[in-house]
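Right, one structure below, let's go through it.
Reckoned from all heavy atoms, side chains included, excluding hydrogens, waters and symmetry mates. In listed order, ligands and their atoms are each counted from 1.
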Amino acid sequence: MTVRAAAVLVAAAALALFLPGWAAAEWNLTRNGSVVTYDGRSLMIDGKRDLFFSGAIHYPRSPPELWPKLIERAKDGGLNTIETYVFWNAHEPEPGKYNFEGRYDLIKYLKMIQDHDMYAIVRIGPFIQAEWNHGGLPYWLREIDHIIFRANNDAYKKEMEKFVRFIVQKLKDANLYASQGGPVILTQIENEYGNIKKDHAVDGDKYLEWAAQMALSTETGVPWIMCKQSSAPGEVIPTCNGRHCGDTWTLRDTNKPMLWTENWTAQFRAYGDQVAMRSAEDIAYAVLRFFAKGGSLVNYYMYHGGTNFGRNGASYVLTGYYDEAPMDEYGMCKEPKFGHLRDLHNVIKSYHKAFLWGEHSFEILGPGYEAHVFELPDEKRCLSFLSNNNTGEDGTVIFRGEKHYVPSRSVSILADCKNVVYNTKRVFVQHSERSYHTSEVTSKNNSWEMYSEVIPKYGNTKIRAKEPLEQYNQTKDASDYLWYTTSFRLESDDLPFRGDIRPVLQVKSTAHSMIGFANDAFVGNGRGSKQVKDFMFEKPVDLRVGVNHITLLSSTMGMKVKICRNSAAYLEHEMTDFAIL
Ligand SMILES: *[C@@H]1O[C@H](CO)[C@@H](O)[C@H](O)[C@H]1NC(C)=O
Ligand SMILES: *[C@@H]1O[C@H](CO)[C@@H](O)[C@H](O)[C@H]1NC(C)=O
Ligand SMILES: *[C@@H]1O[C@H](CO)[C@@H](O)[C@H](O)[C@H]1NC(C)=O
Ligand SMILES: *[C@@H]1O[C@H](CO)[C@@H](O)[C@H](O)[C@H]1NC(C)=O
Ligand SMILES: *[C@@H]1O[C@H](CO)[C@@H](O)[C@H](O)[C@H]1NC(C)=O
Ligand SMILES: CC(=O)N[C@H]1CO[C@H](CO)[C@@H](O)[C@@H]1O
């Protein structure tokens with residue numbers, strides 16, 4: 001039953017925040033090794049259900065000196081789990097040559113998570129997307145004959161299996177799996193495969209089945225997940241990625257728990273994008289709708305985005321990654337997002353007994369109004385979630401004989417099914433603001449060096465072809481830059497241009513940007529954008545009787561991770577090339 005438009009005053013009084021004593025994130029793994037399993041309610045550590053508040057923090061996107069602080073802060077934010085992808089092209093830049101140094105020291109990072117008594121989720125992929133150069137796939141994969149990425153293709157499966165087994169072994173050697181006393185409780189195989197399964201119509205299912213069996217055969221002692229799917233083969237747990245998993249996702253297999261691996265805290269940005277906003281209230285609302293329906297793990301993507309250093313980012317992606325996350329690019333807390341979510345975690349944790357072991361029931365209280373109840377009658381424990389899914393319409397509901405005011409698009413948590421202890425719209429945390437100051441270290445005492453490169457001419461070139469060659473074939477993704485140059489002779493009769501009419505240099509490019517020169521003079525620059533990738537460069541040039549030189553400096557900014565609208569299928573056919581018209 002619903003009474004509309006109740007007075008706001010009532011609400012304020014009813015919503016005094018009540019936070020019972022709560023211990024920081026708990027480590028329920030034993031150092032001697034724990035069994036990680038699951039039932040339809042949650043993941044289980046040594047047979048006991050548990051709650052998982054997880055934050056994505058990618059190790060290569062911050063300097064290692066910052067890692068301890070980030071992990072500590074995440075723990076202060078009420079998280080008990082850190083999630084990360086594994087970055088194949090960073091770790092294996094050349095076949096069989098591995099790099100786990102500095103920012104790429106995955107083992108050091110996981111040990112640090114362990115030292116902070118937190119769990120870890122490792123998303124191996126090894127295709128990861130992640131707005132990372134080439135979605136994490138090494139360039140050299142493209143040079144393997146007949147390879148089709150992420151398909152039921154022997155060449156791809158062979159390389160994928162080799163890398164997955166290599167990483168699993170590395171984690172085992174360092175005793176990092178929970179089964180060995182380490183922090184890793186889940187690992188992920190593949191990534192959002194649902195997006196492309198249809199593109200590989202016949203073989204998508206076969207590939208997925210193979211990937212699942214291959215993963216399971218590594219015998220890590222902890223479950224595997226596949227994300228953005230509503231079902232997964234065998235023992236593999238499917239998980240949701242999205243903004244509103246409580247509303248948009250249905251788990252088909254009820255023997256598996258509801259896990260949410262990517263709840264976007266904002267959105268990554270490409271050059272030219274507006275600041276991505278997602279309010280603390282909206283994130284909290286989405287998390288509680290998911291938990292109200294029985295979710296028991298949420299991973300904030302990203303909890304801290306960090307920086308796309310060097311050539312790490314995918315095409316057009318900004319260097320600052322998810323600066324709007326609960327911790328900003330520099331690792332500082334973004335309020336009220338950080339604090340509002342921390343309060344939410346603390347409240348649910350305080351009532352985890354009723355929440356994880358209570359009987360779950362559901363009641364519709366009016367149009368758009370719902371109650372989800374978790375009750376342990378023997379222990380007199382009860383926890384309920386009252387939710388108002390109506391946009392722009394606050395209201396009052398009667399629940400178990402009491403009136404409760406629920407603001408529009410919000411969820412209230414009721415302790416003992418009576419007292420409101422949290423509402424997603426009531427933020428008790430102050431806003432923080434970031435300001436910039438010039439620091440002495442970076443502004444004083446700088447020494448600058450300037451380099452100037454000779455604009456090359458045809459006579460200096462080593463690689464020659466009738467048509468411009470594909471850029472990635474040439475640079476092998478080791479550089480963002482490639483010069484293209486051509487020379488030709490004009491007789492005075494060839495020059496039909498007189499007076500104001502000048503010849504036009506026209507270049508069609510599928511790379512990201514270019515600078516044009518004619519006879520050593522700058523002609524102009526052109527670029528594509530994240531939305532419109534190809535571009536046509538057209539600028540008038542001055543040509544002369546005799547030999548003319550046209551030179552183009554083409555640049556890329558990260559290899560693409562998708563080509564079809566929302567799909568990474570056939571990425572191996574992706575090209576950056578030129579036609580000079
Ligand atoms: C871990 O193993 C050691 C040696 O086997 C044993 O002494 C200790 O009690 C075990 N600890 C736990 C928590 O099981
Ligand atoms: C985890 O361990 C702590 C303390 O060791 C205990 O209080 C808590 O109930 C445990 N949590 C679960 C879900 O078993
Ligand atoms: C190099 O580029 C051409 C297209 O320009 C393409 O057909 C070929 O497959 C590429 N080779 C590799 C190894 O990617
Ligand atoms: C909640 O509201 C959203 C947005 O209006 C809608 O898409 C969704 O279907 C609603 N969910 C339910 C269970 O009514
Ligand atoms: C300026 O540079 C010199 C020489 O590299 C160094 O010794 C000094 O500490 C620097 N001063 C500041 C303020 O960074
Ligand atoms: C699956 C999904 O909900 N994706 C959304 C993620 O957020 C971006 C930015 O708001 C949306 O454009 C996507 O549709």
Side-chain angles (χ1 to χ4, degrees), residues 1-6 8 11 15 40-41 192 194-195 227-231 238-254 256-267 274 276-301 324 337 340-341 344 348 355 358-375 383-400 403-414 417 420 422-427 565-566:
M1 193 227 261
T2 319
V3 186
R4 273 204 193 177
V8 179
L15 283 170
R41 184 70 188 93
E192 302 195 339
N195 286 350
C227 70
K228 214 171 178 184
Q229 294 182 190
S230 42
S231 62
T239 69
C240 178
N241 287 357
R243 292 190 153 222
H244 294 284
C245 286
D247 283 299
T248 55
W249 187 68
T250 316
L251 177 66
R252 295 219 191 97
D253 185 346
T254 51
K256 295 178 179 174
M258 282 170 65
L259 314 180
W260 185 353
T261 38
E262 287 192 23
N263 166 29
W264 297 309
T265 50
Q267 180 75 350
Q274 299 292 309
M277 298 303 289
R278 189 177 184 196
S279 68
E281 293 90 324
D282 188 45
I283 302 173
Y285 178 62
V287 171
L288 283 193
R289 280 185 75 78
F290 185 68
F291 274 59
K293 286 199 180 169
S296 55
L297 178 152
V298 62
N299 177 56
Y300 298 99
Y301 193 97
E324 297 297 316
K337 223 175 244 191
H340 192 47
L341 295 174
L344 180 158
I348 301 188
F355 184 58
E359 192 163 320
H360 185 184
S361 60
F362 166 66
E363 220 179 301
I364 291 179
L365 304 173
Y369 293 86
E370 298 168 4
H372 282 271
V373 180
F374 298 84
E375 198 159 14
L383 187 70
S384 55
F385 297 75
L386 299 190
S387 123
N388 174 357
N389 192 40
N390 299 300
T391 304
E393 185 191 295
D394 300 347
T396 299
V397 291
I398 309 281
F399 173 69
R400 300 204 168 177
K403 268 190 186 177
H404 293 280
Y405 170 82
V406 194
S408 80
R409 287 189 75 76
S410 81
V411 176
S412 292
I413 301 181
L414 273 60
C417 291
V420 177
Y422 186 90
N423 175 277
T424 55
K425 275 257 175 100
R426 310 295 294 184
V427 178
R565 223 172 316 144
N566 195 21

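There is a protein heavy atom closer than 4.0 angstrom to atom 14 (O) of ligand 4. Atom 11 (N) of ligand 4 lies below 4.0 Å from at least one non-hydrogen atom of the protein.
Atom OG1 in T248 sits 10.0 Å away from atom CG in N241 (nearest 0.5 Å). Interatomic distance, N423 CG to S387 OG, rounded to the nearest 0.5 Å: 10.5 Å.
Residue contacts with ligand 4: E370 is included, with a non-hydrogen atom under 4.0 Å away.
Atoms of ligand 4 lying under 4.0 Å from at least one heavy atom of R289, given by number and element, are 11 (N), 12 (C), 13 (C).
Selection from T248, D247, N388, N389 by nearest heavy atom to atom 6 (C) of ligand 4 gives N389.
Looking only at protein heavy atoms, the nearest one to atom 5 (O) of ligand 4 is R409 NH1, 4.0 Å.
SG atoms of C227 and C240 are separated by 2.5 angstrom or more, inconsistent with a disulfide link.
At a heavy-atom distance under 4.0 Å, no atom of K293 approaches ligand 4.
Of the candidates V287, L341, I283, V298 forms a side-chain contact (heavy atoms from CB on, under 4.5 Å) with just one, namely V287.
Side-chain rings of Y369 and F399 stay apart, their centers remaining 6.0 Å or farther from each other. Annotation: H360 is not in aromatic contact with F385 [ring centroid separation under 6.0 Å not met].
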